[in-house]
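Have a look at the structure below before the remarks.
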Amino acid sequence: MSDISRRKFLQTTSASAVLFLSGLSRDGNTAPPKGYPSKKIGNIKNLKVNEPLAFNYPDDKSPCLLVKVENEAVGGVGPGKSIVSFSALCTHMGCPLTYSKGRLVCKCHYSMFDVALNGQTYQGLASQWVAQIVLRLDAATGNIYAEGVEGLIYGRIGNLKLS
Amino acid sequence: MSLFKRKDTLPIPPLDAEKYTTVCQYCSAGCGYNVFVWPEKRSGTAKSNAFKVDLSQQGQLMSGFSYTETMHNVITRKNGHKYNLAIIPAKESRINKGDYSIRGGTNALTAYTPTGVTRNRLKDPMLRKENGFVAITWDHAVEILATLTKSSIDKYGADSIAMKFYDHGSSGLGFEDNWGAGKLFLSGIKTQYLSIHNRPAYNSEVWGSRERGMHELNYDVDDARLADTVVLWGANAYEGATVFYTEHIMPNLQGGSIEEKQKEFASGEPAEAGRIVIIDPRKNATTSVSQDISAERVLHIRPNLGTDWILANAIARIAWENKWYDNDYLQKRTDMKTFEDYKSKSLQLSKSLNTVLADAEKITGVSRQEMEQAAEWIAKPKAGGFKRRTLTLYEKGIIWNMKNYDQVAAIAQLNVLTSNVGRVGTGCGRLGGHQEGYVRPPAPTPGSIYAGGPPKNVDKYITGGGGKIYWVGATDPYLSTPNSQFFKKMVKKRAANLLDYIDNGGIPLDPKAYTAKVLEAFEKTDGLFVVVQDIYMTHTAQDAMLILPAAGWGEAVDTSVNCHSRLLRIYDKFMDAPGEALPDWKILALVGNKLKALYEAEGNKAMADRFSGMDWKTDAEVFAAGSAEFGDNKVAETDEATLSAECYKGVTHEILRKLGNEGIQTPVRQDPATGKLVGTKRRYKYSFASKDGLFKWYGTDAWTGYPAEIAKYIDNPTYPFWFTTGRSQHVWQTMYHDKLIPEKYLSLPLPYMEIHPVDAGKLGLKSGDMAEVFNEEGSCIALVYVNDATKPGLVFGIMYHAKGTMNNLISSYTDPKTTMPWYKGTKVGVRKYTGKLDDAIKTASLLSNNDFTT
């Protein structure tokens, strides 16, 4: 067992919307983020669809979520490319995000982020999409590692710049 | 992995970074922002920076300080050097308290950068030649435009010049630019063919209230927190005026403002968590967010399209029947002579309550029970006999409804009948779209059909072959005008006729030869000389003959007021406009001054005088010049109703700069006792804005069915769906900026429609499909979202989008009393489109945007 918090977030399941991801680039257009720690955050065998795991990354002041969704997701790992991870702080004003029905919801001002589509704000106030955690799956062990963050974690001048 | 380039660190402004205050360029809320500019290579530190925030620690939730990826950019000034630009929400603003929306949060991304997403801003005046546009000098452009304008006035009269200009604030516009446009078009050219922003005529959208003696901006943001009941009528506040909802309405619903109420209310008066009445045919996001907060304090009423004034009158009748009014107030503050007409026509006192309500149920589709509940929440006195405090805000669902005048009048009168104006926690007016900033000489048409109107319909004039020059400023009628498909077709045809004539043998570049040829075309063809003044190449500009590049938000000093407090603030200049672009007032002044010179040269003093008074050197001078229009404002507080709603006489740019985010609320008075400038928090406490200070009642029309433009579709099985339009929280207007910002265009890549699952099932549609929406006016292809926002039988579409417009479907009907269009209602057919634009659609979330439950 890794050192992650395994609090299961309040969530419900439902059929997620049909996605059309076949042509979507997996490579993106940015260089891999640098200077981030590699941290084991879970194992594929322990992940159930729509049952998120909580962990902190890249340090203990940054809560994150790891979740397996029903279909392929941007940045997803695993056989169905459906395992994704995000900062659990709303990019709008830093409130906690709750996973439910394929999206992250903030109950402070009702921003909602689509976890299958790069954490995009599809409704609500957050002008910045939620920061997505770069994942690596070790095929031999099934271990999932967090290895970077794409996008700024709320409340920071830099993701790795807290003193 | 990311769909676009992300940042994981942001530059820090040093302590000595330049600091400016501004207000968001977008919606009516008018959130305060602070702007920081500093050389690209310099940096503050986590502990020592211009934000005065310790950035070495994890920021806390709801701290009021936010600095995100979308709040930074790198700009280049005219000196060639690069600077960091940070635009962050102002914690000290009582409007937003550090909160911000998805629109305002991207203000920094809209800044012009020579190599970034905004690089294609208009930079030079451009003249259409044989094979497209060529850049020309301002002297050249002004000579052409002034010469053509003068010749056209002299030969065909002033009405040969038609214009369509914004008249509002924000977006880099405001009092300065509006005074410039007013001087040129209203004092100088004096054409009657004026039109505002996106609509076909030059009119107030709320003459139905103003002609009662009540300007529509009469409340304060505090009233949304202090009201017992907030009514949102055709006003999607969460998505349209977002921070006003989240900072002022939402806390009230949550019970977070009860302590404030206890302080402000009378002794012993009940103070509870607020209620909200939402009258909207859609279950929009405002409705479902409110329901998620407290379903039992939300009443959602969904009237049939076009029937709201019947509903308002029915609710008023219930209040009347229950004696939920203050007879003393009615006697003292309202005109009891006109009240008879209201009682007879609006309240229909000659008919029994049962008859009136049964009729209203049939017309509006709203049940009697819902009407009674609405009446209770709006008007029923609280325990102890205290008057209820209700703030009623309406917006496009009402003003762009069928029968604009009667709709607005009915709601205004419901609120005055129940004393819900001028008290703490009350008010009745617009939620607003833009901010405001209107100061102009008197318009040719002062009011509705009851007050010297209605104004001319410029769209019908232009499409019918009228006019020679059509000057469009900061609006894109090909997308935004009603019946836009027909409008576009006709303007395109007339522009092509002109081009074809002058292109015969080559288009001369020399201004004299050029204008001579255009004047010849005016004589020989129905050609239209289209001028577009804007910050980007617009859809309409594709057919322009002359394009004039304007400065945008932050590139000139502007002033505006927001809608929810009439809070006047400065929107300071913090960067240079691209290329040769100029503030709108300066462009208008260049043409005005040239016209003056041309008339002087031929000794026509009378005409030259019409164009005098435009030789301003600075934005501050224009602001000061406009203030004279407001007349004497040395009046006591009790006479505030005699002042124009946006009166700022005595206020200067310098004063506003000192006030910063605090601002001052219009109408501003120069207090007779102290001589000091005093703002007005809330209006009509003492009297209304009529000659005798009394509210003027009006008996609304009876229901007579739908106008011919819509009636032709009723019972026609080809067009089975009612159709209405609205906006998305994400994108502003035609997406002129947002189409360039990945956070926006990836989410909303295409125009979209919403359809109920029952109807979608019948048509074989699912979310992510595409469909053609069509009727006899036009069509639009849209991305489909299947959700429960609409009722079965009703289809919703985003009003317009950079890639298409639903206004193609909208009829040419306007209210005969005001010339206001009915943008929000028609009938359509929907057919599934067999193709699919996968590459665009794959980045669009198809999750339901009105389901916030977890």
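First the proteins, then the strands, lettered A, B, ... as listed; each starts at 1.
- A donor-acceptor contact shorter than 3.5 Å is absent between the side chain of Asn143(A) and the backbone of Lys40(A).
- Considering only heavy-atom pairs separated by less than 4.5 Å from chain A, the leading option among Gly64(B), Ser56(B), Ser101(B) is Ser56(B).
- Only the side chain of Met250(B) comes within less than 4.5 Å of a heavy atom in chain A; its backbone stays farther off.
- With a threshold of 4.5 angstrom between heavy atoms, Ser62(A) does not approach chain B through any atom at all.
- For Gln128(A), the parts lying near chain B are the backbone and the side chain together; criterion is any non-hydrogen pair under 4.5 Å.
- Arg103(B) forms no cation-pi arrangement with Tyr26(B), by the criterion of a distance under 6.0 Å to the ring centre and an angle within 45° of the ring axis.
- For the set Gly94(A), Gly151(A), Gly158(A), Ala131(A), the entry with the most heavy-atom pairs within less than 4.5 Å of chain B is Gly151(A).
- Sulfur-to-sulfur, Cys95(A) and Cys108(A) sit under 2.5 Å apart at their SG atoms.
- Atom OG of Ser163(A) and atom CD of Gln58(B) lie 11.5 Å apart (nearest 0.5 Å).
- Both the backbone and the side chain of Ile293(B) come within less than 4.5 Å of a heavy atom of chain A.
- Cation-pi geometry between Arg103(A) and Phe113(A) is not met at under 6.0 angstrom from the ring centre and within 45 degrees of the axis.
- When heavy atoms are compared at a cutoff of 4.5 Å, Gln60(B) approaches chain A solely by way of its backbone atoms N, CA, C and O.
- Contacts with chain B were tallied for Lys161(A), His109(A), Lys61(A); His109(A) has the most, counting heavy-atom pairs under 4.5 Å.
- Less than 6.0 angstrom separates the ring centroid of Tyr100(B) from the ring centroid of His92(A).
- Shortest non-hydrogen contact noted between Lys836(B) and Gly768(B) is CE-O, 3.7 Å.
- With a threshold of 4.5 angstrom between heavy atoms, Pro89(B) does not approach chain A through any atom at all.
- Taking Leu55(B), Asn850(B), Val289(B), Thr242(B) one by one and counting their heavy-atom pairs under 4.5 Å with chain A, the maximum is reached by Val289(B).
- Proximity to chain B is limited to the backbone of Thr91(A), based on heavy atoms less than 4.5 angstrom apart.
- Heavy-atom distances place no part of Ser728(B) under 4.5 Å from chain A, backbone and side chain included.
- Proximity to chain B (any heavy atom under 4.5 Å) is shown, for Leu160(A), by neither the backbone nor the side chain.
- Aromatic ring pairs are classed by plane angle as parallel below 30°, tilted from 30° to 60° and perpendicular above 60°; the pair His72(B) and Trp38(B) is tilted.
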Side chain to side chain donor-acceptor pair (under 3.5 Å) between Thr70(B) and Thr68(B), intermediate numbers included: CA-CA 5 Å; Thr70(B) 63; Thr68(B) 73; 3.1 Å; yes
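- With a threshold of 4.5 angstrom between heavy atoms, Pro251(B) does not approach chain A through any atom at all.
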